[in-house]
Structure formats: C-alpha cells, structure tokens
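What you see is a predicted model, and the numbers here were worked out from it, not measured in a lab. Just the heavy atoms: all of them, side chains too, but no hydrogens, waters or symmetry mates, feed the values below.
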Amino acid sequence: MRYLGSGAEGSCYKRGNRVYKRYNQLYSNLYSNDVSIYRLLRYSYIVINNIYFIRKLMYFDNMVVGAVCNYASGISCSKKQLHRCKLDNIINALSILKRDIYELSKLGICIDDNFLGNILYDGDNFKLIDTGGYYYYSDIPGVGSNYDINFLYENNMRRIILQLFKNITDNIYIYDNFIYGFLWDIDSLYKDYLDDINLMVNPDETIIGIRNDIGEYVGYEIDNFSQCRKDLLRIRKKI
C-alpha cells in the first residue's frame, strides 16, 4: 500500500483504486458500537460523482479498525493555491460541483464540513472526501421527513463554497482582502459575495461576474485572480 497521509482519526493508504483508513486506538474504540457502525455505513449505497463515502469497514477481533472508500485523485485545497489556477477550469469545476451537491441535497443529506483539507481539486473537478460527519436533515429533532430541497441545497452550497471561494479569489491568504475590497470600492454587484447566500449558491456565475468587473478596470481578461493583484492594488490607490 502507498501511504497517503495522517489525520486526527488515523492514517490513509492507497491500494489500487481504494483508500484504506486505519483508525488510531481512540477512534477504533469510539466507533466499535452498533450506533457508530450504522452511522459510518449509512451512505455506503450512495453513488454521486466527486463525493466519496465509506463503502466498507475493517474489523479485527470484533473492533472497527478502519474504513474503505474509493480513491479520489487531486490535491487538497488547503495546500493548493487555487487563485493561481486557470479560471475557466475553476468555473467549470464549480458548475459540476453544484450538480453533485444538488444530487446530495435531493437525498436529504446535510454537509457538516467546511474544512478545505477535505476538498480535493484535480484541475477538472472538486471532490469531497472524509464525509463521515454528514447527516440526514431528518435527523434534526422536530424536523421529520419533510424538507425543502432548495433550502437544503443552498445551505450545503454555502457551507462548502465559502472557504473555497476565499482560496479561489486569494483573500484567504492576505489581510487586506484586495479583491473583496476592490469590489466594494467600485460598488460592484458582487461586492458582498462573501455574505450573500445567493452568490454562494451559484459560485461559477459569481466568479464570471467578478472576473468581468475586474477585467473592465484592469483592461484585460484575467486568467486567474493572482494575475491581477498588482494592477488592482495600483487602481485601488487611485480610487
């Protein structure tokens, strides 16, 4: 097996097209009961492109010692500088992600994760991994089986996209949030994109709008948000 890395729960290894997570002793003890086993396997039947659920559990001496899921290629978005990536590819990948999250929302599943490390990007797609913390909306006390798919979808998108969007636009790494501040200075339609859930629900369209606004001021169509940093800073000083 090829070692992939370690986290709070344990270590991951790749063999073929599968990933094997070996739980450490703490989580092995925590998950070795009927309730936890049910929760870990409750999504094993679901197949949605670019969302990776546990398929099987590994046991030793009646203890849960690990989990198996399909391998997801790509680089963690907590390590990849998305603001240096080609915007056309990012926009297309976000459009695909919207479709995948809508499929998830139709099943009544809530995303309980906004950690960039659990989102991979391979240049074509964003992939959601380590999905053990997801839960059914109907699990919330008093909710029952009725839910609004669009409401659930909007909240799932907001939870996933917010941190991702900050990486794409580069303002997660610097203090002055130069793109966010620039949009406010020119009174753009997209100036409150970090606060407006409607702009988060359609992040691909929002990025197109932001790119067009910035391109109008810098005088060229930007390929990525890192490319226009110096020009935006120069323009902001004149505003």
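A pairwise comparison of heavy atoms in K106 and I149 identifies CG-CG2, 4.0 Å as the closest pair. Listed here is the closest heavy atom pair of N89 and G123: CB-O, 3.6 Å. A pairwise comparison of heavy atoms in N114 and R159 identifies CB-O, 3.3 Å as the closest pair.
At a threshold of 4.0 Å, the pair D204-K98 counts as salt-bridged, since one of the basic side-chain nitrogens sits closer than that to a carboxylate oxygen. Salt bridge annotation for D130-K21: present, with a cationic side-chain nitrogen under 4.0 angstrom from a carboxylate oxygen. Salt bridge absent: R84 and D223 never bring a charged side-chain N and a carboxylate O closer than 4.0 Å.
Taking Y136 as the reference, Y43 meet the ring-ring contact (aromatic ring centres under 6.0 Å, His included) condition, with sequence neighbours excluded. Take Y121 and apply the ring-ring contact (aromatic ring centres under 6.0 Å, His included) test, not counting sequence neighbours, and it matches F126.
Ring pair Y193/F165 is tilted by interplanar angle, where 30° to 60° counts as tilted.
When each of N50, N49, D122 is paired with K127, the side chain to side chain donor-acceptor pair (under 3.5 Å) condition holds for D122 and for no other.
Of the possible donor and acceptor atoms, none in the side chain of R18 sits under 3.5 Å from a partner among the backbone N and O of C69. Using a distance-only test at 3.5 Å, with no hydrogens or angles considered, a donor-acceptor pair links the side chain of N212 to the main chain of I208. Side-chain atoms of D196 come within 3.5 Å of backbone atoms of N198 as a donor-acceptor pair (strictly under, hydrogens ignored).
For D195, the CG atom is densely surrounded, since the number of other residues' heavy atoms within 6.0 Å is greater than 12.
Apart from L41 itself, the hydrophobic cluster it occupies contains Y23, L26, Y27, L30, Y31, I37, L40, I54, L57, Y59, V64, where clustering links Ile, Leu, Val, Met, Phe, Trp and Tyr at side-chain heavy-atom distances under 4.5 Å.
Between the CZ atom of R22 and the SG atom of C12 there is a distance of 12.0 Å, given to the nearest 0.5 Å.
Counting heavy atoms from C-beta outward, I75 and L120 have side chains that stay 4.5 Å or more apart.
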